[in-house]
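Atoms within each ligand, like the ligands themselves, are counted from 1 in listed order. Counting begins at 1 with the first residue of the sequence.
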Amino acid sequence: MSDAERSYEKSAELFGSSFLAREVPTRDFPSAGMTATDALRLVAEDLALEGLPARNLATFVTTWMEPEAQKLIAFNLHRNFIDHAEYPRTAELEQRCIRMLADLFHAPVETTGARTQGSSEAIMLGALSLKWNWRQRRRDAGLPTDNPNLVFGGDVHVVWEKFCRYFDVEPRIVPLQRGKYTIGPEDVEPHIDENTIGVAAVLGTTFTGHKDDIGGINDLLVRIKKERKLDVPLHVDGASGAFVWPFLYPHSEWDFRLEQVRSINTSGHKFGLVYPGIGWLIFRTKEDLNPDLVFKENYLGKTDSTFTLNFSTGSAMVVAQYYNFVRYGRPGYTYIMENMQRNAEVLADKLEKMGDFRVIGREFEQLPLVAFRLTEGHSYDEFDVAWQLSAERGWMVPAYTMPPDAQDVKIMRALVKQTLSREQVDTLARDIEDACRTLEKKGGAHESERKKMVVGSGH
Ligand SMILES: *Cc1c(COP(=O)(O)O)cnc(C)c1O
């Protein structure tokens with residue numbers, strides 16, 4: 001090292017970090033380390049360029065928790081959730097959450113469920129149980145088991161197709177139509193046969209926030225059971241909706257009050273108001289979980305049973321979920337959901353008044369979000385608006401096209417979460433209007449500008 005280099009290093013040590021004016025390690029496994037302070041600054045400076053979660057109206061996932069909850073999370077980062085024998089209290093908190101959710105979803109008897117990494121893992125496990133139960137029924141009746149199928153609409157999350165591909169089940173997907181973005185019994189009926197392991201219906205789609213006609217599909221399945229002796233279970237994907245409907249629409253029946261609903265998944269990290277990653281799978285009764293999927297192991301002299309795809313994971317989010325349940329209870333969740341809904345309505349009103357947009361499906365039960373499209377006759381499209389809004393004011397509001405057969409429909413969607421206050425809603429509406437006026441003047445965003453922006457729809 002030259003004298004000049006040595007002197008630079010000394011200054012860096014005193015006044016800054018050794019990476020302020022140097023490239024950071026990105027490819028090779030570092031051949032030397034650095035001080036903890038340098039590492040902290042290096043990573044923090046990198047992340048300073050990240051999008052602001054408070055302006056991310058694309059995500060359904062929680063971006064804010066109370067300071068007390070954050071404290072609990074920080075205190076529990078060092079515990080592995082799967083070590084039930086060593087951490088029996090954490091395991092007990094999981095069981096309490098499962099019992100509380102079963103109660104919230106009107107399970108008829110004491111039942112069972114699982115804590116998962118999110119709805120995706122919960123759906124994989126729930127759908128596996130559907131497949132295992134179907135195979136059991138077929139085997140018991142001496143019938144072939146080589147051709148299972150699962151029926152769902154084009155409005156589901158990608159995880160349902162993923163399940164079908166990973167676990168060898170034929171997906172029978174009901175296409176959407178222009179102006180009809182959920183499915184009902186008439187769509188499902190033609191696809192059901194003796195090889196149907198189940199029907200999946202969505203409570204709160206990622207596309208427009210509406211629910212499939214779960215009541216109608218249930219009635220259809222009840223009729224099929226009576227007339228054709230086919231007992232086809234219904235799984236409700238309540239990733240978002242299962243934490244919204246019980247509080248905003250308590251009298252709307254979509255859960256275990258309906259006879260054919262056998263399992264429900266939900267994301268604790270969406271409207272369960274916990275940071276990512278936690279999800280839940282709840283069965284109607286213990287019998288709906290196929291016992292062959294549960295692994296029993298003898299560990300430290302105790303028998304432990306697990307029903308998961310993952311194994312080791314943090315326990316902090318289970319603790320945080322239980323915190324929210326006891327902290328908020330029904331009145332707290334109701335208060336929070338109603339505020340979000342109220343602010344979503346204000347935003348929808350303002351967008352309609354602007355004259356540039358049409359709001360989609362406000363008259364129906366819906367997640368606290370606003371899904372909207374441009375009215376006819378604009379020189380720019382929804383993707384332009386999303387880009388301009390992000391460029392001008394940093395709001396992340398995604399634009400996307402609907403799934404087949406409604407793929408020519410473009411939509412924008414703004415989640416109205418706990419932290420989007422009334423004041424922010426007013427500002428957002430003004431910013432959307434400003435973005436439209438800018439686009440009018442310049443006649444749309446340039447292709448090259450738009451490509452820079454990555455927007456997703458399904459989270
Ligand atoms: C978010 C979502 C999923 C996936 O849930 P994760 O918790 O992100 O794994 C599945 N289905 C629906 C309807 C969703 O909204």
Carboxylate-amine/guanidinium contact Asp349 Arg362, below 4.0 Å | yes
Could you tell me whether Lys211 and Asp237 make a salt bridge, using a distance below 4.0 angstrom between a side-chain N and a carboxylate O?
-> no
Per-atom contacts, ligand 1 versus [X] - under 4.0 Å to a heavy atom:
| X | value |
| --- | --- |
| His269 | 6 (P), 7 (O), 8 (O) |
| Ala239 | 2 (C), 3 (C), 10 (C), 11 (N), 12 (C), 13 (C), 14 (C), 15 (O) |
| Lys270 | 1 (C), 2 (C), 3 (C), 5 (O), 14 (C), 15 (O) |
| Thr206 | 14 (C), 15 (O) |
| Asp237 | 10 (C), 11 (N), 12 (C), 13 (C) |
| Gly118 | 7 (O), 9 (O) |

Are His84 and Phe81 an aromatic pair by the rule of ring centers under 6.0 Å?
-> yes
Hey, can you tell me if Trp245 and Tyr249 have their rings parallel, tilted or perpendicular (30° and 60° cut-offs)?
-> tilted
Between Ser120 and ligand 1, find which residue part has any heavy-atom pair under 4.0 Å and reply side chain, backbone, both or neither.
-> both
At under 4.0 Å between heavy atoms, what of Ser267 touches ligand 1? The answer is side chain
Of His269, Met317, Lys270, which meets side-chain contact (heavy atoms from CB on, under 4.5 Å) against Pro276?
-> His269
Option from Trp280, Phe243, Trp254 for which ring pair (Phe, Tyr, Trp, His ring centres under 6.0 Å) with Phe105 holds = Trp254
Within less than 4.0 angstrom of ligand 1, does Gln117 place any heavy atom?
-> no
Any N or O on Glu121 sitting closer than 3.5 Å to an N or O of ligand 1?
-> no
Is there any N or O on His157 that sits under 3.5 Å from an N or O of ligand 1?
-> no
Beyond-backbone contact of Thr205 with Thr208, side-chain heavy atoms, under 4.5 angstrom = yes
Within-4.5 Å side-chain heavy-atom neighbours: Glu161 and Phe152 = yes
